[in-house]
Novice: 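Following this message is one structure expressed as structure tokens.
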Amino acid sequence: MKINKEPTAFQERVYAALRRIPRGRVITYARLARTLACRSPRAVGQALRCNPFAPSVPCHRVISSNLTPGGYQGKTSGAQLRRKLALLKAEGVLFTGNRLADPRQLLGK
DNA sequence: CACCGATGTCCAA
DNA sequence: TTGGACATCGGTG
């Protein structure tokens, strides 16, 4: 695992979609997967997991459809996840406990 | 070819 | 409402 040599076509697609996300806005794995014409949010998460361009790629702007932060750097919780919340917070996206404070900031609406 | 992985959705208790 | 299992797509071994 952990191959950050050259991103595949699919990963490029995921990174491109993330780049089109404006600051102060977030998207869910399912929504992003849908944008990629995919039905598996896991495939999208896997691409972000490798994220050879982190943090150049705003992978921290991707959250779970259930309004949960999801994960960061391959971890669903811990200091890494905390950093993700801090990045979103710096963009104006606040999290209440373990849930998104304002789901209205979600893209795809 | 087989198993794992930042999820999602459905069913059962 | 909470917990568990299955489904789906791609990547890596």
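Just so it is clear, the values below take in all heavy atoms, side chains as well, and ignore hydrogens, waters and symmetry mates. Below, read A as the first sequence line, B as the second, and so on, with proteins coming before strands; counting in each chain starts at 1.
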Novice: Taking A:Lys84 for its side chain and A:Gly71 for its backbone only, find out whether a donor-acceptor pair lies under 3.5 Å.
Specialist: yes
Novice: Quickly, which of A:Arg23, A:Gln105, A:Arg19 forms a side chain to side chain contact (heavy atoms under 4.5 Å, CB included) with A:Arg61? Name it, please.
Specialist: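 Going through A:Arg23, A:Gln105, A:Arg19 one by one, the side chain to side chain contact (heavy atoms under 4.5 Å, CB included) with A:Arg61 is satisfied by A:Arg23 alone.
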Novice: Pick base, sugar-phosphate or nothing for A:Thr28, based on heavy-atom distances below 4.0 Å to the nucleic acid.
Specialist: nothing
Novice: In whole Å, what is the span from the CD atom of A:Gln11 to the P atom of B:dG5?
Specialist: 16 Å
Novice: Rounding to an integer number of Å, can you tell me how far A:Arg34 CZ sits from B:dT9 C1'?
Specialist: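 One finds 14 Å between C1' of B:dT9 and CZ of A:Arg34, rounded.
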Novice: Dot-bracket for DNA chain B, please. Rules: Watson-Crick or G-U, both distances under 3.5 Å, ( ) within the strand, [ ] when a pair crosses earlier ones, | for another strand, . otherwise.
Specialist: |||||.|||||||
Novice: So if I take every side-chain heavy atom of A:Ser64 and compare against C:dC9, B:dG5, B:dT7, which nucleotide ends up nearest?
Specialist: B:dT7
Novice: Quick one: which of B:dG5, C:dC9, B:dT7 gets closest to the side chain of A:Tyr29?
Specialist: B:dT7
Novice: How is A:Gly74 classified with respect to the nucleic acid when contacts are heavy atoms under 4.0 Å: base, sugar-phosphate, or nothing?
Specialist: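 Base contact.
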Novice: Assess whether atom CZ of A:Arg39 is packed by more than 12 heavy atoms of other residues, nucleotides or ligands within 6.0 Å.
Specialist: no
Novice: How close do A:Ala47 and A:Tyr15 get, counting heavy atoms only, and between which atoms?
Specialist: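 Shortest heavy-atom separation between A:Ala47 and A:Tyr15 comes out as O-OH, 3.0 Å.
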Novice: Would you confirm whether A:Tyr72, through its side chain, and A:Cys59, through its main-chain N or O, come within 3.5 Å as a donor-acceptor pair?
Specialist: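 No: the side chain of A:Tyr72 does not pair with the backbone of A:Cys59.
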Novice: In whole angstroms, how far is the P atom of C:dC9 from the CZ atom of A:Arg49?
Specialist: 20 Å
Novice: Give a yes or no on whether A:Val62 and A:Val57 share a hydrophobic cluster (residues Ile, Leu, Val, Met, Phe, Trp, Tyr; joining criterion: side-chain heavy atoms under 4.5 Å apart).
Specialist: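 Yes; tracing contacts between hydrophobic side chains, which count when under 4.5 Å, links both residues.
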Novice: Ignoring the backbone of A:Ser65, work out which of B:dG8, B:dA6, C:dG11 is nearest its side chain.
Specialist: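 So the side chain of A:Ser65 is nearest to B:dG8.
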Novice: Pick the nucleotide of DNA chain C nearest each of A:Ala47 and A:Arg42; which residue has the one closer to the 5' end?
Specialist: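 It is A:Arg42, whose closest nucleotide lies nearer the 5' terminus.
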Novice: Find the distance A:Glu12:CD to C:dG11:P and express it as a whole number of Å.
Specialist: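 So the CD-P distance, A:Glu12 to C:dG11, works out to 12 Å.
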Novice: To the nearest Å, give me how far apart CZ (A:Arg61) and P (B:dA6) are.
Specialist: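 Value for this atom pair: 22 Å.
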Novice: Classify A:Phe10 by what it touches in the nucleic acid, base, sugar-phosphate, or nothing, heavy-atom distance under 4.0 Å.
Specialist: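 Here A:Phe10 touches the backbone only, sparing every base.
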Novice: Expressed in angstrom and rounded to an integer, what is the separation of A:Gln73 atom CD from B:dA6 atom P?
Specialist: 13 Å
Novice: Just how far, in rounded Å, is C1' of B:dA6 from CD of A:Gln46?
Specialist: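 A:Gln46 atom CD is separated from B:dA6 atom C1' by 10 Å.
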Novice: Should the side chain of A:Arg39 and the base of C:dT8 be counted as holding a donor-acceptor pair, with the cut-off at 3.5 Å?
Specialist: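 No, no donor-acceptor pair under 3.5 Å.
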Novice: Just to confirm, is there a sub-4.0 Å distance from OP1 or OP2 of C:dG10 to any side-chain nitrogen or oxygen of A:Ser40?
Specialist: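 No, outside the criterion.
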Novice: Taking NZ from A:Lys84 and C1' from B:dA6, how many angstroms apart are they, rounded to a whole number?
Specialist: 7 Å
Novice: Compare every heavy atom of A:Ser64 with every heavy atom of A:Thr28, then report the nearest pair and how far apart it is.
Specialist: CG2-O, 3.5 Å
